Amino acid sequence: MPRTSTPHIKPDGAPIAETILLPGDPLRARYIAETFLEDAVQFNSVRNMLGYTGTFNGRELSVMGTGMGIPSMALYSWELIHEFGCRKLVRIGSCGGLTPELGLNDIVLAQAASTDSNYLAQFDLPGTWAPTGSFRLLDHVYRGAAERGITAHAGNVVSSDTFYHAQDDTTQRWARMGVLAVEMETVGLYANAAAAGVEALAMFTVSDNLVTHEEMSPEQRQTGFAQMIELAATVTEL
Ligand code: HPA
């Protein structure tokens with residue numbers, strides 16, 4: 001039986017769907033609810049981490065901000081999975097491209113998440129674990145991108161604890177191992193989902209490329225983001 005409230009999520013009777021989109025920015029959650037959902041009701045405002053539930057093409061869908069960084073993503077996703085019964089969690093965010101092939105507005109689907117964080121240590125595994133996304137969700141979204149003529153790349157990403165790095169070659173070292181992009185949350189989501197036996201996917205628009213030094217304008221960010229939301233919301237079909 002789902003709990004009615006946690007330290008960080010207090011729905012006060014409002015529903016939370018099994019499928020949830022997770023942007024980092026809570027104002028993006030509000031934008032998605034206002035622009036893409038029908039009959040949206042707000043289910044959270046604790047710490048302004050806004051969450052909403054409505055329908056998309058007739059199917060129930062929630063959306064909630066996660067904040068930035070692995071600890072923030074990890075605590076919200078943990079509560080959504082364990083206390084509120086979420087079963088399909090889709091992070092929608094932006095990433096920094098680490099290879100020149102990643103153009104601005106391309107979409108990156110995280111097959112797996114590497115990390116410089118210590119988050120995985122708590123699982124106490126006898127080796128180095130590679131948390132992966134749900135292949136079912138990834139495959140669905142990848143095909144959806146192809147149908148829409150959107151360029152999508154699937155591969156490894158690195159979830160970093162640092163946006164500003166003390167060493168100059170930090171991101172290049174990940175790139176040399178074939179890692180496509182850097183962001184700051186996915187490993188927490190993938191680890192929690194895998195440990196709980198639920199499905200997760202992280203997808204990003206390339207907001208900046210650390211090799212070519214291209215950067216999106218605010219308008220480009222908004223357009224690219226809207227395109228990604230429509231694609232992400234198709235997981236409600238599964
Ligand atoms: N680093 C970490 N996260 C990011 C970046 C970056 O360069 N760009 C977008 N998200």
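Order of listing sets the numbers, starting from 1, for every ligand and every atom in it. Just so it is clear, the model here is predicted, and its values are computed rather than measured.
- The closest approach between any non-hydrogen atom of Leu210 and ligand 1 is below 4.0 Å.
- With Asn209 contributing its side chain and Glu214 its backbone, the two residues share no donor-acceptor pair below 3.5 Å.
- An N or O contact shorter than 3.5 Å is missing between Met184 and ligand 1 by distance.
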Discussion item. Could you go through Glu183 and Arg91, starting from their C-alpha distance and side-chain angles, then the distance that decides it, and tell me whether this counts as salt bridge (charged side-chain N to carboxylate O under 4.0 Å, His left out)?
Written reply: CA-CA 11 Å; Glu183 54 83 63; Arg91 159 159 161 69; 3.1 Å; yes
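- Shortest contact from atom 10 (N) of ligand 1 to any protein heavy atom: Ser94 O, 3.5 Å.
- Taking 4.0 Å as the cut-off, Cys95 counts as a neighbour of ligand 1 on heavy-atom distance.
- If you look at Phe163 next to ligand 1, the close heavy atoms, those under 4.0 Å, all belong to the side chain.
- Ring geometry, Tyr31 versus Phe225: the interplanar angle falls from 30° to 60°, so the pair is classed tilted.
- With hydrogens left out, the protein atom closest to atom 4 (C) of ligand 1 is Val182 O, 3.7 Å, a heavy atom.
- The shortest distance between side-chain heavy atoms of Leu61 and Phe36 does not fall below 4.5 Å.
- Side-chain atoms of Asn44 come within 3.5 Å of backbone atoms of Met49 as a donor-acceptor pair (strictly under, hydrogens ignored).
- Those atoms of ligand 1 that come under 4.0 Å of a heavy atom in Asp208, given as number and element, are 7 (O), 8 (N), 9 (C).
- A donor-acceptor pair is defined here as one N or O able to donate and one able to accept, closer than 3.5 Å; no such pair exists between the side chain of Thr151 and the backbone of Asp106.
- Considering CD1 of Ile70 and CG of Leu189, their distance stands at 11.0 Å, rounded to 0.5 Å.
- Of all protein heavy atoms, the one closest to atom 5 (C) of ligand 1 is Gly96 N, 3.6 Å.
- Under a 4.0 Å criterion applied to the non-hydrogen atoms of Ser207, ligand 1 contributes the atoms 8 (N), 9 (C).
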